[in-house]
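Indexing begins at 1, ligand by ligand and atom by atom, following the structure's order.
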Amino acid sequence: MSVAQKQYKRITVKSLTEMKSRGEKISMLTAYDYTMAKIVDGAGIDVILVGDSASNVMAGHETTLPITLDQMIYHASSVVRAIDRALVVVDLPFGSYQSDPKEALRSAIRIMKESGGHAVKLEGGKEVKESIKRILHAGIPVMGHLGLTPQSIYKFGTYTVRAKEEEEAAKLKEDALMLERAGCFGIVLEKVPAKLAEEVAKSLTIPIIGIGAGGGVDGQVLVTHDMLGMTHEFNPRFLRRYLDMYSEMTNAFEQYAKDVKAQDFPNESEQY
Ligand code: KIV
């Protein structure tokens, strides 16, 4: 068991700030279903993100844009049923918060009420400030997401590293400060230069969780299916694969098919 597991029976947004202030790094992974969430939570991961990456990983869409609020609620409620300890953060999907703050609040309330998740995450800086404030006023914890924001992929056109130029870096720093001042409990920083991410993390008191943002931030998040090596067509530099599940699973399926064809499965002891 990790040190963090002994310290906290349940992770709250307050625990994360405490971890940052004493220099303990925060671990975060995605999950979209009960079985995976049970394993991730049991392993002592601090935060489980029900990411809109479910749109890619679970549904096979090219982008995160098509996933709906109803689908996010379905994934999140499956995850929440599995959890004993982790904080469950649920992505507000594209189209559920951008049009106006009242709609953003309605969407966030649906997530909290219908899934039992503990917090919501949304992408963007000052463009979504009013929506963030509205959600926070209702007592719902909000996590920001800056840098590469996949819901805006058609605006940027590529998934390359963000904020390499001074102007974009300055806007990112301003947005991060705005999110902290507005009351967000943390920020995901995706695919930005490590030096910039470290600077942001050092300048704020709320935790900065990085993905492709280097080691100078307060925690790390990865898409679970990627770090397990279940996906093999996605190979960004920041991704560390802890298993080669794609090969392991392929071998298992091939062996099963062979056993069935050869009438080796089931054997005497595997039947009634
Ligand atoms: O949807 C997601 O999985 C995310 C992570 C990449 C941070 O937002």
Side-chain angles (χ1 to χ4, degrees), residues 16 25-33 36-37 40 45-69 71-76 78-79 86-98 107-108 111 115 117-125 128 132 141-153 156 158-163 172 176 179 184-192 197 200-201 206-214 217-228 230-231 234-241:
L16 301 183
K25 300 284 181 183
I26 297 161
S27 59
M28 177 163 162
L29 284 173
T30 60
Y32 321 107
D33 66 66
M36 187 70 89
V40 173
I45 299 301
D46 299 312
V47 185
I48 294 190
L49 172 66
V50 184
D52 60 358
S53 50
S55 180
N56 313 104
V57 177
M58 302 304 281
H61 292 297
E62 218 175 283
T63 72
T64 57
L65 276 69
I67 198 159
T68 66
L69 186 57
Q71 287 165 341
M72 287 304 296
I73 289 169
Y74 167 77
H75 287 298
S78 309
V79 166
L87 181 83
V88 179
V89 180
V90 185
D91 264 340
L92 278 167
F94 176 70
S96 72
Y97 63 95
Q98 289 91 344
S107 303
I111 286 183
S115 78
H118 309 137
V120 297
K121 172 166 87 57
L122 51 79
E123 297 180 6
V128 287
I132 289 172
V142 177
M143 183 168 219
H145 184 151
L146 299 172
L148 174 61
T149 48
Q151 292 180 10
S152 310
I153 187 59
F156 295 105
T158 74
Y159 287 100
T160 51
V161 179
R162 295 295 196 269
L172 188 143
L179 292 174
C184 288
F185 71 88
I187 301 171
V188 164
L189 260 194
E190 181 165 355
K191 232 174 166 182
V192 297
V200 172
I206 57 171
I208 303 300
I209 312 294
I211 173 163
V217 289
D218 308 304
Q220 299 294 327
V221 56
L222 285 175
V223 169
T224 297
H225 290 66
D226 295 335
M227 62 85 82
L228 291 178
M230 290 172 88
T231 51
F234 180 62
N235 286 302
R237 186 205 291 204
F238 67 76
L239 176 61
R240 184 180 294 180
R241 293 192 202 283

>> Tell me the contacting part of D91 for ligand 1: side chain, backbone, both, or neither, using a 4.0 Å heavy-atom threshold, strictly below.
In response: side chain
>> Check for me whether H145 has a heavy atom closer than 4.0 Å to any atom of ligand 1.
In response: yes
> Any side-chain donor paired with an acceptor under 3.5 Å for S78 and D33?
Replying inline: no
>> Nearest 0.5 angstrom please: I211 CD1 to T30 OG1, how far?
In response: 8.5 Å
> Between atom CD1 of I209 and atom CD of E190, what is the distance when rounded to the nearest 0.5 Å?
Replying inline: 13.5 Å
> Out of curiosity, is K121 lining ligand 1, as in a heavy atom under 4.0 Å away?
Replying inline: yes
> Between S53 and Y32, does any side-chain donor sit less than 3.5 Å from a side-chain acceptor?
Replying inline: yes
> If you count the non-hydrogen atoms of other residues, nucleotides and ligands that lie under 6.0 Å from CZ in F238, is the total more than 12?
Replying inline: yes
> At what distance is the nearest protein heavy atom to atom 5 (C) of ligand 1, and which residue and atom is it?
Replying inline: L49 CD2, 3.7 Å
>> Which residue and atom name correspond to the protein heavy atom nearest atom 2 (C) of ligand 1, and how close is it?
In response: S53 OG, 3.2 Å
> Looking only at heavy atoms, which two atoms of P93 and T68 are closest? And how far apart?
Replying inline: CG-C, 3.8 Å
>> Please list, in number order, the atoms of ligand 1 under 4.0 Å from a heavy atom of I211.
In response: 6 (C)
>> Can a donor-acceptor pair be found, under 3.5 Å and without considering hydrogens, that links the side chain of K25 to the backbone of V217?
In response: yes
> For D52 and ligand 1, does the shortest N/O to N/O distance drop below 3.5 Å?
Replying inline: yes
>> Below a 4.0 angstrom heavy-atom separation, can you tell me which part of T30, side chain or backbone, both or neither, approaches ligand 1?
In response: side chain
> Against heavy atoms of G51, which atoms of ligand 1 measure under 4.0 Å?
Replying inline: 1 (O), 2 (C), 3 (O)
